[in-house]
Amino acid sequence: MRTIPSAVRTALVTSIAALSLTASLPAQNASSSDLDALREQIRLLDQKLRALERNQELKEETAAAAAKKLPTVTAGASGFGITSSDKAFDLKLKALAQFDARFFLDDNNGERDTFLLRRIRTIFAGTVGGIYDFNITPELATGTNNSTSVGLWDAFIAARFSPSFGIRAGKFPSAVGLEPGANRHFIESPFVNTLLPNRDIGIETFGSLSAFDYRLGVFNGAANNTANFGGGAPDIGDGDKTLAGRLTFAPFKSKKDSAISKLSLGIGGSTGNERGTAGTNLSNGLSNISSNSQQAIFSYGGTLRGNGTHNRISPSIEWYTGGPFSFVAEYALEQQDVAVNAAGLTRKFQNDAWRVTAGYVLTGEEATKAGVTPTAPFSWEGGTWGAFEVVARVSGLNLDNDLFDTVAAGGAGLSDVNNASGAIAYGVGLNWYLNRNVRWLFNVERTDYEGASGGNVAATQVGARTDELAFITRIQLQF
């Protein structure tokens, strides 16, 4: 309620008093006492109006104060949320849904064409007390061909004590690789990810120091490219722990308006003892390797198991220019002690992988690490089409040749019939961003394999040893 202006209030009170006096007096000139009575009535009426105004102001102030204490409910492109009035408590509900189609265009199709639900996740995250964060993310997809199975994808708590120091504990993405379990530009991850851990359980410190970001922690130790290990916990079960971390350097971070301000150089690594049990799938501490189209191309078998030190290192370059162009390059090298027979004879093998990826937004929007937000989202009626980004990638894999030598000759005794010893893949793609939350991706990738003398793909479903040509498309909803 707005306060009545003083002049208006006085005129109103005077008019009311005058009407009252006129009604009570005979038609003759008012005496001095009558005028005094009129003035008193005006004064009393003015006091009453002031009291009413103040009461209304107090009610409005009380209502406004109460409203400030109420939480804010939001629903938008970033998901659904509830935030306390002081911003210290925050709950968010988000989701990720991916529907994929894979079609193999090479001569050795082997009936591998398929539709699948690649990822279905509901993310429950938030902040408690201003500095304590949590994330609980179940994975509900049940696809095949190395897609994620039902399980707990992430589950952690974190405390951000300052920008330079925080602690995170639980299950979360490994710090070793640049994009564990994901890929910004393409539908599926490159060969680099097959040699690095995906998720792990442990505790780490993190923070930012000027142009440096760091993560360093102690973990159970996960086999390569795995999220759920031994039925849920990524631990080989030997009791040994793994030290893992990553350091990222943005040398031009202070140049806010420059295209090189978002250029970053990173290096991740891990070291630990991994002693698995032979013949028990992933609990042997070894992971089979898939192509970028998620087809098995290399498999550890027999009595082989991790039996000692497992070291990884992964340098990277990442550049999101603030414009339509983006560029990422990454390398991974691993050395692992492997028991090659039932007696525990142990040898060290070394594998490496690399990738170079670039993207350009044809419609001119900024390419960010999270993707592209269209300036004009897709609208059938409005005639707008969203944003389009073209991408290209080259990636390679090199496996230790000694893996295929006999045990007597110093190798691991693996067969080269169904196992590739190396690969190089060339891919191009078109990413269509209909709006901030919906994207439709199209990838074509050719993979040339090294080694592997044969293998009936149609009968065994164990990798294509001849060159592979795959078309993959994905419809994704994320908020």
Side-chain angles (χ1 to χ4, degrees), residues 74-80 94-103 105 115 118-119 121 123 178-179 181-190 193 250 252-253 255-264 292-293 316-330 355-395 425-446 469-479:
T74 58
S78 298
F80 302 91
K94 301 184 178 184
L96 171 66
Q98 296 175 342
F99 173 78
D100 287 10
R102 297 175 184 165
F103 301 97
L105 311 178
F115 296 113
R118 187 66 173 92
R119 297 178 178 92
R121 297 174 187 165
I123 301 118
L178 186 63
E179 297 176 324
N183 188 254
R184 156 62 177 85
H185 294 85
F186 273 71
I187 292 175
E188 293 292 354
S189 300
N193 289 37
F252 308 106
K253 187 176 182 179
K255 300 181 181 296
K256 300 295 184 182
D257 298 327
S258 172
I260 61 174
S261 64
K262 297 181 181 180
L263 173 67
S264 66
N292 295 342
S293 58
S316 64
I317 300 174
E318 193 173 36
W319 187 24
Y320 292 94
T321 61
F325 178 73
S326 56
F327 174 85
V328 179
E330 188 178 15
R355 58 111 168 198
V356 177
T357 307
Y360 188 84
V361 183
L362 298 174
T363 44
E365 289 89 345
E366 180 183 357
T368 71
K369 191 166 184 177
V372 177
T373 300
T375 302
F378 174 78
S379 171
W380 185 269
E381 295 179 353
T384 54
W385 291 91
F388 293 89
E389 180 184 36
V390 291
V391 294
R393 179 175 71 186
V394 182
S395 59
Y426 311 87
V428 294
L430 175 67
N431 299 336
W432 179 15
Y433 297 87
L434 284 79
N435 56 40
R436 181 176 170 183
N437 304 104
V438 179
R439 63 186 69 173
W440 195 350
L441 314 178
F442 307 87
N443 290 175
V444 176
E445 192 161 39
R446 175 186 175 88
L469 181 62
F471 169 75
I472 306 176
T473 183
R474 167 176 295 167
I475 298 175
Q476 174 177 301
L477 169 67
Q478 184 176 20
F479 62 83

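Considering all non-hydrogen atoms of both residues, S395 and E445 come closest at OG-OE2, 4.4 Å. The nearest pair of heavy atoms linking G429 to N443 is CA-ND2, 3.7 Å. Of all non-hydrogen atoms in P377 and T375, the two that sit nearest each other are CD-O, 3.6 Å. Closest heavy-atom contact between A387 and P374: N-CB, 3.7 Å. Between N183 and P190, the shortest heavy-atom distance links the atoms ND2-CD, 3.5 Å. Here the shortest heavy-atom pairing between A425 and N292 reads CB-ND2, 3.6 Å.
Side-chain contact between F479 and F80 is present, with at least one heavy-atom pair separated by less than 4.5 Å. Taking 4.5 Å as the limit, every side-chain heavy atom of F378 sits out of range of all side-chain heavy atoms of N435. Residues N431 and V391 are in side-chain contact: their nearest non-hydrogen atoms beyond the backbone lie under 4.5 Å apart. L430 places none of its side-chain heavy atoms less than 4.5 Å from the side chain of E389. For the pair R184 and V328, the minimum side-chain heavy-atom distance is 4.5 Å or more. Counting heavy atoms from C-beta on, the side chains of L263 and I317 come closer than 4.5 Å.
Judged by distance alone, the side chain of S258 and the main-chain N or O of K255 form no donor-acceptor pair under 3.5 Å. Although no hydrogens or angles enter the test, the distance criterion places a donor-acceptor pair under 3.5 Å between the side chain of S189 and the main chain of A182. With T473 contributing its side chain and L441 its backbone, the two residues share a donor-acceptor pair below 3.5 Å.
By the 30° and 60° cut-offs, the orientation of the rings of W319 relative to F325 is perpendicular. Relative orientation of the F103 and F471 rings is parallel, given thresholds of 30° and 60° on the angle between their planes.
The side-chain tip of R393 points at the ring of F186 from less than 6.0 angstrom away and within 45° of straight on.
In this structure, OG on S261 lies 10.5 Å from NZ on K253, to the nearest 0.5 angstrom. For the atom pair D100 CG and E188 CD, the distance stands at 6.0 Å (nearest 0.5 Å). Remark: I475 CD1 to F99 CZ distance equals 6.5 Å, nearest 0.5 Å. In this structure, CG on L434 lies 11.0 Å from CZ on R439, to the nearest 0.5 angstrom.
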* **Stepwise side chain to side chain contact (heavy atoms under 4.5 Å, CB included) test for K94 and Q478** => CA-CA 8 Å; K94 301 184 178 184; Q478 184 176 20; over 6 Å; no
* Asked: Do L469 and V444 pass the side chain to side chain contact (heavy atoms under 4.5 Å, CB included) test, and can you show the C-alpha distance, the side-chain angles, and the key distance before you say yes or no?
  -> CA-CA 7 Å; L469 181 62; V444 176; 4.0 Å; yes
* **Full working for side chain to side chain contact (heavy atoms under 4.5 Å, CB included) between N437 and L477** => CA-CA 6 Å; N437 304 104; L477 169 67; 4.3 Å; yes
* Please test I472 against S293 for side chain to side chain contact (heavy atoms under 4.5 Å, CB included), starting from the C-alpha separation and ending with a verdict. => CA-CA 8 Å; I472 306 176; S293 58; 4.0 Å; yes
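Ion pair K369/E318 flagged as a salt bridge, since at least one NZ, NE, NH1 or NH2 atom sits closer than 4.0 Å to an Asp/Glu carboxylate oxygen. With respect to E366 and K262, a salt bridge is recorded, a charged nitrogen being found less than 4.0 Å from a carboxylate O.
Counting heavy-atom neighbours within 6.0 Å of W440 CH2, excluding the residue itself, gives a total of 12 or less.
No option in R474, R118, Q98, R102 other than R474 meets the side chain to side chain contact (heavy atoms under 4.5 Å, CB included) test with I187.
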Result block: side-chain N/O donor-acceptor pairs under 3.5 angstrom for residues 356-364, not counting sequence neighbours:
from: T357; atom 1: OG1; to: R355; atom 2: NH1; distance (Å): 3.4
from: T363; atom 1: OG1; to: E365; atom 2: OE1; distance (Å): 2.5
from: T363; atom 1: OG1; to: F388; atom 2: N; distance (Å): 3.3

